[in-house]
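Everything below concerns the one structure shown next.
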Amino acid sequence: MTTNETKKIAVETFDLTKSYRRASGAFDALSELNLRVAEGEFVAIMGASGSGKSTALHLMAGLTRPTLGRVEIEGQDLSKMRDAALTKFRRRRVGVVFQSYNLIPHLTAEENILFPLRADGRRVDADLLNRLREFWKELGVEEQLGQYPDALSGGQQQRVAIARALATDPAVILADEPTGNLDWTSSQNVCEIFNRVNREGGRTIILVTHEPAVAIWSDRVVILRDGKASNEAPTRDFKDAGELARFYQSVAHNAQGGSES
């Protein structure tokens, strides 16, 4: 992987902070996150529940606004965009994959995949549809195109969701616990798809997970704890997911001053 210093930057956050009000006072779900992701890089953000990793992803996707700081995608400052412009930018340049798939139940798999294109007012002609169907075949969803979400397995639904996220040819794919509802085999199949999309398609991917067996597929792991970045490391430093898991636990241990959670 070429270093960030010699590649264009796809996503960058500057002191990214998200605060919420509670009865006991203000609470920072994310605090001053500074992250730089190069074009074509695959980054996994790890952390336990409540660590701020999903908050970070939602802020990077422009799904929520930061309290402080900013996000830039392809040099575009999301904080300077009005809601309509932000929606259009996200629809065209950012693909989001959710843990719960977020497929529309009354639409077929194919209709779900094409929905972002139609919502953006793009014409889906025969040539485009043929190109998309070749890609869907590579993703292994061609046999499910006419089926509705409730007839699909979790792994099939997630592959459809990935195809939908890629339909608009986005610059960046953001995935929020995409394997969280899947069994081991389906989880690894989804990881293989992300790996292929990254390696062969050159897509920039930021994936949130708490699973070392998922994070090990990335180029680099960033660990969050209590809304802050605790540590990071390239995955080439680990021979397998077990070694990454031990590193992750050691970071959590040190962050707590010597007591495991």
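Because the structure is predicted, anything quoted here is derived from the model rather than measured.
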Donor-acceptor pair between [X] and [Y] side chains, under 3.5 angstrom:
{"X": "Trp217", "Y": "Glu192", "result": "no"}
{"X": "His210", "Y": "Glu177", "result": "yes"}
{"X": "Ser186", "Y": "Gln158", "result": "no"}
{"X": "Asp183", "Y": "Thr185", "result": "no"}

Review point. Looking at Arg90 and Asp120, does any basic side-chain N land under 4.0 Å from a carboxylate oxygen?
Key: no

Review point. Relative to each other, are the rings of Phe98 and His58 parallel, tilted or perpendicular (30° and 60° limits)?
Key: perpendicular

Measure the shortest side-chain to side-chain distance between [X] and [Y] over non-hydrogen atoms and say whether it is less than 4.5 angstrom.
{"X": "Leu78", "Y": "Phe89", "result": "yes"}
{"X": "Leu114", "Y": "Leu107", "result": "no"}
{"X": "Ile206", "Y": "Val37", "result": "yes"}

**Study point:** Partner of Ile113 by side-chain contact (heavy atoms from CB on, under 4.5 Å), out of Thr108, Leu145, Leu132, Ile162
**Key:** Leu145

Exercise for review: Test Val94 against every option in Ile73, Ile173, Val11 by the side-chain contact (heavy atoms from CB on, under 4.5 Å) rule and name the one that passes.
Suggested key: Ile73

Point to revise | Under 3.5 Å donor-acceptor, Asn181 side chain and Gln99 backbone | key: yes

Review point. Going from CG on Leu35 to OG1 on Thr13, what distance comes out if it is rounded to the nearest 0.5 angstrom?
Key: 5.0 Å

